[in-house]
Amino acid sequence: MIVFDLGCGSGHVFEAWFGSSDAYESQRARGLIACPLCGNADIAKAVMAPAVAAKGNRAPAPMAQLLQAQRAMEAEADYVGRDFAARARALHDDPAPARGIYGEATAAEAAALHEDGIAVLPLPFRPLARSDA
């Protein structure tokens, strides 16, 4: 897996994960990549900081770190599936929600939430409950 910082024609910058550079190029050429904030499909790689590896074997592998972060996030939040946009709007008006949520939203739904001042963040993984692993 490889992560790229991508930018849309509207100036938004976001991260996306791909199986390879060729997979990114193929998906971009077919118009399959869109900005999660505005839905703009005019996508290009953004400037990225270089990855500097830790000395020796002191740091856990990046995929292990990602899995650990995913498990921690999922333990603290509820999976709401395709109801994410509606539930995020309802929680936005709650002064002290008991738990966070995560789920699925289209690019248009994510853009609408962003425009309404509701902070959302695309996750770089499928929920463990839905993964094929």
Side-chain angles (χ1 to χ4, degrees):
M1 295 294 285
I2 187 168
V3 64
F4 290 124
D5 284 343
L6 303 178
C8 75
S10 300
H12 300 120
V13 177
F14 58 97
E15 286 186 349
W17 291 74
F18 299 92
S20 66
S21 291
D22 291 338
Y24 159 75
E25 292 296 341
S26 173
Q27 290 179 34
R28 187 189 60 77
R30 292 182 289 156
L32 299 178
I33 306 170
C35 176
L37 299 175
C38 67
N40 189 334
D42 179 19
I43 303 296
K45 289 182 185 176
V47 176
M48 295 177 60
V52 178
K55 184 176 179 181
N57 291 332
R58 296 183 193 150
M63 293 306 288
Q65 288 177 322
L66 182 60
L67 181 59
Q68 181 181 9
Q70 178 179 6
R71 286 183 175 149
M73 184 277 308
E74 289 185 5
E76 299 295 323
D78 296 321
Y79 178 71
V80 296
R82 289 285 310 132
D83 291 334
F84 178 79
R87 297 280 299 271
R89 287 185 187 290
L91 283 178
H92 183 68
D93 297 331
D94 188 346
R99 288 174 57 90
I101 62 170
Y102 65 103
E104 301 168 40
T106 64
E109 289 170 332
L113 290 169
H114 177 73
E115 289 171 7
D116 292 340
I118 301 171
V120 296
L121 178 69
L123 300 175
F125 45 74
R126 292 181 64 186
L128 289 174
R130 296 210 48 206
S131 71
D132 298 330

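In this chain, residues are counted from 1 in sequence order.
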R28 vs L32 side-chain heavy atoms within contact, under 4.5 Å: no
Note, C8 side chain near D42 side chain (heavy atom, < 4.5 Å): no
Atom pair OH (Y24) and CD1 (I33), whose distance is rounded to the nearest 0.5 Å: 5.5 Å
In one Ile/Leu/Val/Met/Phe/Trp/Tyr side-chain cluster, 4.5 Å: V120, I101: yes
Proximity of F84 and Y102 rings by center, below 6.0 Å: no
Spacing of CD1 belonging to I43 relative to CD belonging to Q27, to within rounding of 0.5 Å: 11.5 Å
Minimum heavy-atom distance between S10 and C38, given as atom pair plus value: OG-SG, 3.8 Å
Interatomic spacing from NE2 in H114 to CG in L121 - rounded to 0.5 Å: 12.0 Å
R89/D116 ion pair, N-O < 4.0 Å: yes
Interatomic distance, D22 atom CG to I2 atom CD1 [nearest 0.5 angstrom]: 10.0 Å
Minimal non-hydrogen separation, R99 against D78, with atom names: NE-OD1, 2.9 Å
Within-4.5 Å side-chain heavy-atom neighbours: L6 and V13: no
Within one Ile-Leu-Val-Met-Phe-Trp-Tyr cluster: L91 and I118, side-chain cutoff 4.5 Å: yes
Exercise: identify the closest heavy-atom pair between G39 and A107: CA-CB, 4.2 Å
Worked check of side-chain contact (heavy atoms from CB on, under 4.5 Å) between E25 and K45: CA-CA 10 Å; E25 292 296 341; K45 289 182 185 176; 4.2 Å; yes
Aromatic plane relationship, F18 with F4 - under 30° parallel, 30 to 60° tilted, over 60° perpendicular: tilted
Donor-acceptor under 3.5 Å (R30 side chain, S26 main chain): yes
Sub-4.5 Å side-chain heavy-atom contact between L66 and W17: yes
Common cluster, L37/V3, ILVMFWY with side-chain heavy-atom separation under 4.5 Å: no
E109 and R82: CA distance, side-chain angles, deciding distance, salt bridge (charged side-chain N to carboxylate O under 4.0 Å, His left out) verdict: CA-CA 11 Å; E109 289 170 332; R82 289 285 310 132; 3.5 Å; yes
